[in-house]
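Index from 1, following the sequence.
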Amino acid sequence: TARHFLFDERRQWRALYSGIEWLRANTPGEARVATSCPLLVWLYAQRNAVMPPLEADAEAAGRLLDEVPVDYLVIDALAFVDMSRRYALPVVEADPAGWEEVFRAGEDLVIYRRVR
């Protein structure tokens, strides 16, 4: 099947696309995903997706993610937005027992599943 991407295919974007493909193939249809690119997750993986909260306090951001509730959290290396490393990664670091790494594409993308 031909894939048509909306953006260029630099290494970071290729990692994101591989993560989106993983979400499509390995998560239930009702899964909720927090990602800096929710539209791409919706289009390619057909999963409900939101942006991570733009909250500097990791505990407050974690509570906001739980209110959705988010099942998967995508940490990417996209430089133009730097949202997931700046706001979402501290949530995982503040509660490592609450998040399980389920997919990795080198150093450019990690997907965590919420442990409830």
Nearest heavy-atom contact between Pro52 and Ala88 is CB-CB, 4.0 Å
OG (Ser36) and CG (Leu78) are apart, to the nearest 0.5 Å, by 5.0 Å
query: So with a 6.0 Å cut-off around CD of Glu101, is the heavy-atom count from everything else above 12?
result: yes
side-chain contact (heavy atoms from CB on, under 4.5 Å) test vs Val70 passes for just one of Val33, Leu65, Asn48, namely Leu65
So CZ of Arg85 and CG of Asp76: to nearest 0.5 Å the spacing works out to 7.0 Å
Q. Any chain of hydrophobic side-chain contacts (each under 4.5 Å) joining Tyr112 to Leu64?
A. no
Rounding to 0.5 Å, atoms CD1 (Ile20) and OG1 (Thr35) come to a distance of 6.5 Å
Worksheet entry | Verdict with reasoning, Leu23 to Tyr44, per side-chain contact (heavy atoms from CB on, under 4.5 Å) | CA-CA 9 Å; Leu23 288 166; Tyr44 291 115; over 6 Å; no
Verify the cluster assignment for Trp13 and Val41: are they in a single hydrophobic cluster under the rule of side-chain heavy atoms below 4.5 Å apart?
yes
For Arg116 and Asp71, what are the C-alpha separation, side-chain angles and deciding distance, and is it a side-chain contact (heavy atoms from CB on, under 4.5 Å)? CA-CA 9 Å; Arg116 292 186 167 82; Asp71 302 302; 3.3 Å; yes
### Message
Side chains of Phe103 and Val74, heavy atoms from C-beta outward: is any pair under 4.5 Å?
### Response
no
Rounded to the nearest 0.5 Å, the CZ atom of Arg11 sits from the CG atom of Asp108 at a distance of 4.0 Å
Looking only at heavy atoms, the pair that brings Leu16 and Cys37 closest together is CD2-SG, 3.8 Å
Pair Asp66 + Arg114: basic N to acidic O under 4.0 Å
yes
One should read off an interatomic distance between Leu73 CG and Trp99 CH2, to the nearest 0.5 angstrom, of 4.5 Å
| said: I'd like to know if Met83 and Val92 are part of one continuous hydrophobic network [Ile/Leu/Val/Met/Phe/Trp/Tyr, side-chain heavy atoms within less than 4.5 Å]. | reply: no
Worksheet item: More than 12 heavy atoms of other residues, nucleotides or ligands under 6.0 Å from CD of Glu93: is that the case?
Response: yes
Interatomic distance, CG@Asp82 vs CG@Leu89, rounded to 0.5 Å, equals 10.0 Å
Fill in: Whether Arg47 side chain and Pro38 backbone form a donor-acceptor pair below 3.5 Å
no
Looking only at heavy atoms, the pair that brings Tyr72 and Pro28 closest together is OH-CD, 4.2 Å
| query | Do Ile75 and Val91 share a hydrophobic cluster (ILVMFWY, side-chain heavy atoms under 4.5 Å, transitive)? | reply | yes
Met51-Ile111 co-clustered via ILVMFWY side chain contacts under 4.5 Å: yes
Closest non-hydrogen contact found for Glu107 with Ala77 is O-CB, 4.4 Å
When every non-hydrogen atom of Ser18 is compared with those of Ala105, the smallest separation belongs to OG-CB, 3.7 Å
